[in-house]
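By convention here, the first residue in the shown sequence is residue 1. Just so you know, these numbers come straight off a predicted model, no measurement behind them.
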Amino acid sequence: MDRSAAKLSHTPPSAAAALASSADDAAFATTLAKGLVVLETFKAGTTLLGNLELSRLTGIPRPTVARLTHTLAELGYLHYDSRRAKYRVGARALRMAHPLLADMQFRQVARPMMQELAQSVRGTVSIGLLDGTSMIYVETARSGDVGPHIPDIGMPIPVVMTAMGRAAAATLPPADAALLEQRIASEDAELWSAFRDNYRAGLAQCASRGFCTCWGEYMASIHAVAAPLFHASETQQSFSINCGIPAFRLQPGQLEGEIGPRIAALADSIRAIVKQAAPGTPPRKKKIIGAGK
């Protein structure tokens, strides 16, 4: 996907993708991008990495990686484990998320209602933010044993194969929704081909019923419903809310007949409190004083 399309869809690519596509951009800070590529390589399951591993995973030469990790450690964004001769993400990196989360004050409003629903259905209830072709958890509530998938703030999941992703896509303006489809297809044509029909069916479900379902497509043992929350025009952020439940706990028809309407109603309640319009609702026209009836 080219940079112009990325700008139009308001979802910048990963640092690695941006680095690969910006060789002809004189204003692009390559060294900074390489440092961010190194930081983005640390994920759940790869929390402790040495310079050789980072070089192999990023394609950046080892001497360059060594300079980047040393600098990032000096600044506090990485922490060096001298016993293992490897790095892990430092506490300073966590500070970067706080301004973003603090700006989403509706999370605090939603949290008690989310916890009530999670306890009622013995599952998880989470809010996600659309980021490129992924959803990022920004709030979550759970009750007891919820199975193998335990959502946590900052965790990414794919848009195309999840109810949360499809519900967030349903909040987008039509032009951005089309660009998102193009981006998903260009990043992983095989994944798009496998899930395209279900993805589009999910968008249609959101339009007709206010929620969509996902029957173990992302994780076989977890079934989920999700509802669009809102697309914030000022920040160009799109949010959705989901409810995931271990499949063995569900009664026949319960996901669509009971939990789907409840997650849609919860989305309505959150929007009403924070004064956000429902997706697809046209903006109110200002009344012109003196105009005829």
Side-chain angles (χ1 to χ4, degrees), residues 1-3 5-7 11-101 128-138 140 148-162 165 183-192 194-195 218-220:
M1 181 177 181
D2 62 27
R3 287 193 297 277
K7 289 176 183 176
T11 50
S14 68
L19 180 62
S21 65
S22 299
D24 59 345
D25 187 350
F28 189 81
T30 302
T31 301
L32 174 59
K34 288 179 179 178
L36 293 173
V37 169
V38 168
L39 282 176
E40 288 187 356
T41 305
F42 290 86
K43 298 178 174 67
T46 54
T47 57
L48 197 64
L49 295 169
N51 287 335
L52 182 60
E53 293 166 294
L54 285 164
S55 178
R56 177 176 55 82
L57 291 168
T58 63
I60 299 172
R62 185 176 179 181
T64 303
V65 167
R67 291 194 298 273
L68 293 169
T69 52
H70 173 76
T71 303
L72 289 165
E74 287 294 305
L75 295 173
Y77 293 98
L78 290 180
H79 173 76
Y80 183 64
D81 186 327
S82 58
R83 187 168 62 88
R84 295 181 175 88
K86 294 187 177 186
Y87 293 89
R88 59 167 54 91
V89 176
R92 183 67 55 85
L94 191 59
R95 295 187 189 183
M96 300 298 294
H98 181 254
L100 176 65
L101 293 171
L129 168 65
L130 181 64
D131 178 49
T133 57
S134 298
M135 294 298 298
I136 308 296
Y137 287 106
V138 297
T140 188
H149 180 64
I150 303 176
D152 201 1
I153 292 175
M155 180 187 294
I157 58 173
V159 166
V160 69
M161 59 195 301
T162 61
R183 184 165 177 180
I184 296 170
S186 66
E187 288 186 6
D188 194 328
E190 186 175 345
L191 188 70
W192 175 243
F195 290 96
Y218 176 59
M219 186 165 287

| task | For A93, check side chain to side chain contact (heavy atoms under 4.5 Å, CB included) against everything at least two apart and list the hits. | result | Y77, V89
| query | Just wondering, are more than 12 heavy atoms of other shown residues or ligands nearer than 6.0 Å to CG in L94? | reply | no
| task | Identify, with sequence neighbours excluded, every residue that meets salt bridge (charged side-chain N to carboxylate O under 4.0 Å, His left out) alongside K34. | result | none
| field | Main-chain N/O of D81 paired to R88 side chain as donor or acceptor, under 3.5 Å | value | no
| request: Supply the atom-to-atom distance L68 CG to L32 CG, rounded to the nearest 0.5 angstrom. | output: 10.0 Å
| Of the non-hydrogen atoms in A185 and W192, which two are nearest, and what is the gap between them? | CB-CD1, 3.4 Å
| In Å and rounded to the nearest 0.5 Å, what is the CE to CE distance from M135 to M155? | 13.5 Å
| Shortest non-hydrogen separation from G132 to V159 and the atoms involved | O-CG2, 4.3 Å
| said: A side-chain contact here means heavy atoms from C-beta on lying under 4.5 Å apart; do T31 and T64 qualify? | reply: no
| query | Side chains of I136 and P156: closer than 4.5 Å at any heavy-atom pair? | reply | yes
| Short question: side chain of S134, backbone of P158 - any donor-acceptor pair under 3.5 Å? | no
| Polar side-chain atom of T71 near backbone of R67 as donor-acceptor pair, under 3.5 Å | yes
| said: Rounded to the nearest 0.5 Å, what separates atom OH in Y87 from atom NE2 in H70? | reply: 7.5 Å
| query | Rounded to the nearest 0.5 Å, how far does CG of L54 lie from CG of L78? | reply | 8.0 Å
| task | For side-chain contact (heavy atoms from CB on, under 4.5 Å), just list the numbers for V138 and L101, CA-CA rounded to whole Å, side-chain angles, deciding distance to a tenth of an Å, and then say yes or no. | result | CA-CA 7 Å; V138 297; L101 293 171; 4.1 Å; yes
| query | Rounded to the nearest 0.5 Å, what separation is found between the CZ atom of F42 and the CG atom of L57? | reply | 9.5 Å
| Shortest non-hydrogen contact from R62 toward S55 | N-OG, 3.3 Å
| task | Heavy atoms only: give me the nearest L48-R84 pair and the separation to one decimal. | result | CD2-CD, 3.0 Å
| remark: CG of L72 to CZ of R92, rounded to nearest 0.5 Å, is 11.5 Å
